[in-house]
Amino acid sequence: MNICLKKSALFLVIFSALFLGACSDNPKKKSNKSLFESGYGEGDGSQVEVIGAGGQGNIDGYNVGLNEDGSIGIDPSELGADLEPIIYFEFDSYIINDKGLSIIKHYAEILEENEDEAIVLLGHTDERGSPGYNLALGEKRAKAAKESFMLYGIEDKRIEVITLGESQPMIEGSNEMAWSQNRRVEIKIK
Amino acid sequence: MKKNVFVIALFLMFWQQLSLADLTIEISSSSDNALPLAIIPFDYAVGTKQPKTDVAKVIAADLFSSGKFKVLPNVRLPSLPSSLGDVDFTEWRDLDVDNMLLGEISMSKKGLYNIKLTFIDLLRKKEVISKRWENIYENNLRQVAHKMSDQIYQEITGVRGSFNTKIAYVTVKKVSGKKKYSLDIADSDGFNSQPLLRSNKPIMSPSWSPDGKNMAYVSFERGRSEIIVQSLNGKMRKVVASYEGINGSPSWSPDSKKISVTLSKSGSADVYILTLATKKLRRLTYNFAIETESVWAPDGNSLFFNSDRRGKPQIFQVQLGTGAIKRITFEGAYNSNPAISPDGNFLAMVNSSGHFNIGLLDLETSEFNIITNTYLDESPSFSPNGEMILYAMNDKGKAKLAIVAIGNSMTKILSTESGEVRAPSWGPFID
Amino acid sequence: MMPFIFRYPISSFMALLIHVVLGALLVMIPQNKVEVMKVSLVSTEDSVEEKTQSENKTPHMKTFAVDSKQIQLQLEKIKQQEQKKLNQHRQLAKQTQAEKKRLVEIKKKQKIEQNKLAAEKRNTLNLKKIAEKAKKDTKLAEKQRLVAKKKAEEAEKKTKKLALEIKKRDLKNKQLATETLLQQEMAEEAAQERKLSKAKDMQNLKEVYISNIASTVRSNWRTVGRVSHKAECTISITQTPRGNVSSVKVHSCNRYSTNLFKKDAEKAVYRSQPLPKPPVDELFERKIDFIFKP
């Protein structure tokens, strides 16, 4: 029960911040099946359909079910919006600025209190430059964030790093406004 | 299992309506230095059912898009000869027309099409190409047209045409707010598009095997990057790299037996070679910086890749024999995503000194030129004859493909009505 | 005697005048002087005879001894005068002789002068003729060139080429025209100043003619393939008098010349039809060879 509460607390901190940042719609009832959203998916699972180029007949689908959608109900106003779990970067850079460090410090402290929790750091880039390079750059950013977490005492094994490159922008658009929002590392609970 | 089948059926239903659109083509600029060409409207034998494909039009579009030909509009044709004997050479000389294409289409006994095409050199006054195709299905008329375009291209430029080839690319569409990804292949002119894979998660970096049988690509279908090799007929599909960290940028060896990949399992992104039959890995780069986007030299003896070991990404070359690494690009602050021409003489890359365009480096003379003038250009891929480059770009916030002819400014833009297109890869010659 | 008088009228007149004066002196002076006169009468030409007569009359001499002495003196005086006159006469004769010689020489000189003049006249005439001929030749060439140019221009109009191409070609034609003009001027100067032979002129014109053809072919060069700028071949053309090409051979190529280059060079020749005409008809060649470099 205690653990459960702690988990909830961490979860609430991160997700309410996210909602604030994204100006989300009405919060819904949280599913108790999964406390944590699979942050890097849209939460709707994933399917692929393989089709032969000949067009005749489909090969069996290659399906990998991921978590179901899990939303939570909480009043976002209870939490500070300036501590949304996102670290932003300059173009083609993976240097974490002071603002980013204070965000990492904040979540590192929460993790300290929730010893059973692990996080995923999702590295993203803007759309400019080549996709392959951006995939690596996204990882560099996430790894830089991971190192900072480790400096604040979080163990290596509690932090997973995933890069998504330029494939999942936060904001659509080809302008500096959008790009500055898309060059980011998102902190998600595993 | 039942549920799975149902899901696929559902997917098919809404994707069916999404993917009916071929890529639409738009020519953004033209070339002054083009050879005038007359294409006489084809002669349809009595009783021939008018096919949906206008073979003459397909050939005209192919040749025009190369930037090397300009086709005389039909209204300006002074006469409509049906054979070499009918041609009044002086009237064509007066119009400065050097070449002429004649065609005859008739029905075969089987109800299929017979096509005879003749290409005439009006200066030397002789037939230089004469071809017959028999019992052709209506659906294959475009292919016949592309084959003829290839022959004409070779006659005039001395280089084999690459119109009768395929391209692969990824389309992204939004369906009720969710992004849907599809790996498609199409004819080089964007027609006859067919999906190879559809996914809710991003698909990246498709790469044709040089033998034309398989496609390697990056899929995020399990939440993180993995490299998958899939046969074009869809009968084989394998995850070949799913290491911790990045699994990206697959590129085929010239013999189609290995792929070079980017893995970050040992810390930072480095280039490895994966032998497909044995799954054996060979690490090529050892550097804490980013090393990625490798591509094989046509002789198979070296690879080009990009690295930010000097702070910003630049292209380097690593020799497989000695492991020696040499820096290749020096123009501009940012050079990534190398592509090597089939003859090994030219390197294309994403180049930036503020704007992102495709640069072309002559590896023999070190002459460097920016060859595109579109916006946020990336993912260059050479046509198999080395005469054109297919790449991705951004047009007013929308991702599209473009084909630029090297040596002239002719650019053709390929786009989908309903979504975005990116990550193109030009397939090999189809023999 | 008479021709002599006619020949030397001044000398004859002088001689007569002297005789008349001497006769007058004999009549007018005193007696003694008359004898002198007598003697003097037979003098000059028959003086020897006179002498013998006087020898024969020696007794008389005695009688007139004093007188004879005087006479002797007179005679000597006369003799001296006579001698003087003779000398004068001789001098005169000498002078006339020199005068005669001088005249002959003058005449000779005049004749040479005349010949010279005639020769010079002939020379200047020749020069004029040569210059006119040269001018005529170049004019003819110019005219033919203009006609050819006009024709080419008309053909161009007809072909409605792209403005750029027309510009390019015009520029080349202009260059060609100035080149030709320059060469013609040079030829003209050469004809006037260095009296160049016609053969040499023709040779120059022939070079102009072939370079005309070569540059027309060059201006019709067109390729969309990759061709080395170092490619070089010899083109051999067989043409009809109207400038139509009956055959083209592209040969003796260097190693940069691809098959495409050879094919496109051949097409450039066909595109250049009709080939430029020669400046003068006799320069027409059925077979033309030149080195082609795009």
Side-chain angles (χ1 to χ4, degrees), chain A residues 38-67 91-94 120 122-123 126-140 142-143 160-169 172-175 178-179, chain B residues 4-5 7-8 11-12 15 178-179 185 194-202 204-205 218-225 230-235 237 245-246 248-249 262 264 268-269 290-293 306 308 312-313 334 336-337 349-350 352 356 375-376 378-379 392 394 396-397 399 422-423:
Chain A
S38 90
Y40 47 92
E42 307 280 85
D44 58 353
S46 176
Q47 281 98 358
V48 290
E49 181 199 354
V50 182
I51 307 112
Q56 337 110 317
N58 295 304
I59 303 306
D60 277 352
Y62 184 96
N63 294 333
V64 188
L66 287 181
N67 292 339
F91 173 70
D92 195 25
S93 162
Y94 41 86
V120 176
L122 296 164
D126 67 27
E127 62 179 338
R128 294 176 293 167
S130 58
Y133 178 75
N134 283 339
L135 193 65
L137 182 60
E139 185 180 65
K140 276 268 180 190
K143 280 189 169 167
E160 190 187 347
V161 161
I162 288 177
T163 176
L164 295 160
E166 63 179 70
S167 68
Q168 290 184 5
E172 301 283 342
S174 299
N175 51 65
W179 295 331
Chain B
N4 272 354
V5 173
V7 169
I8 289 169
F11 271 53
L12 269 178
W15 263 321
K178 305 269 187 232
K179 280 185 179 173
I185 59 168
Q194 285 174 284
L196 288 188
L197 178 81
R198 286 157 177 164
S199 175
N200 288 337
K201 299 292 176 185
M204 277 178 72
S205 313
V218 175
S219 173
F220 283 78
E221 66 204 40
R222 289 200 284 198
R224 40 190 290 277
S225 61
Q230 180 185 326
S231 64
L232 283 191
N233 61 16
K235 286 182 176 159
R237 188 173 194 264
I246 298 170
S249 302
T262 299
S264 61
S268 68
I290 294 171
E291 267 84 36
T292 186
E293 295 180 323
N306 106 58
D308 71 343
K312 295 279 170 194
Y334 184 111
S336 67
N337 210 174
M349 79 291 292
V350 175
S352 173
F356 291 85
Y375 183 58
L376 297 183
E378 60 186 39
S379 307
N394 183 304
K396 297 176 201 100
R422 49 172 57 121

With chain B as the partner, which of A178(A), S130(A), S174(A) has the greatest number of non-hydrogen pairs under 4.5 Å?
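The answer is S130(A).
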
Where is the tightest heavy-atom contact between [X] and [Y], given as atom of each residue plus distance?
| X | Y | result |
| --- | --- | --- |
| K140(A) | S268(B) | NZ-CB, 4.5 Å |
| F356(B) | R128(A) | CE1-CB, 3.7 Å |
| G129(A) | E378(B) | O-OE1, 2.8 Å |
| V50(A) | G234(B) | CG1-O, 4.2 Å |
| T163(A) | I246(B) | CG2-CG1, 3.6 Å |
| P169(A) | K179(B) | CD-NZ, 3.7 Å |

Separation of D308(B) CG from Y94(A) OH (nearest 0.5 Å):
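Rounded to the nearest 0.5 Å, the OH-CG separation comes to 5.0 Å.
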
With rounding to the nearest 0.5 angstrom, report the CZ to CD1 distance, F220(B) to I162(A).
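F220(B) atom CZ to I162(A) atom CD1 measures 9.0 Å (nearest 0.5 Å).
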
Using the test side chain to side chain donor-acceptor pair (under 3.5 Å), find all partners of S264(B) that sit at least two apart in sequence or belong to another chain.
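For S264(B) the side chain to side chain donor-acceptor pair (under 3.5 Å) partners, ignoring immediate neighbours, are E139(A).
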
Quick check on the interface: out of L197(B), N394(B), N337(B), V218(B), who has the most heavy-atom pairs with chain A under 4.5 Å?
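Of L197(B), N394(B), N337(B), V218(B), L197(B) has the most heavy-atom pairs under 4.5 Å with chain A.
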
Between E166(A) and R422(B), is there a salt bridge with N-O shorter than 4.0 Å?
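Salt bridge absent between R422(B) and E166(A).
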
Please list, chain by chain and in numerical order, all residues satisfying ring-ring contact (aromatic ring centres under 6.0 Å, His included) with Y375(B), sequence neighbours excluded.
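With sequence neighbours excluded, Y375(B) shows a ring-ring contact (aromatic ring centres under 6.0 Å, His included) to no residue whatsoever.
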
Sort L376(B) into side chain, backbone, both or neither according to what part of it lies under 4.5 angstrom from a heavy atom of chain A.
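The answer is the side chain of L376(B).
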
For S249(B), which atoms come within 4.5 Å of any heavy atom of chain A: side chain, backbone, both, or neither?
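Side chain of S249(B) only, per the 4.5 Å heavy-atom cut-off to chain A.
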
For E172(A), is it the side chain, the backbone, both, or neither that has a heavy atom closer than 4.5 Å to a heavy atom of chain B?
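E172(A) touches chain B through side-chain heavy atoms alone.
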
Do D92(A) and P313(B) come within less than 4.5 Å of each other through their side chains, counting heavy atoms only?
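A side-chain contact exists here, since the closest heavy-atom pair is under 4.5 Å.
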
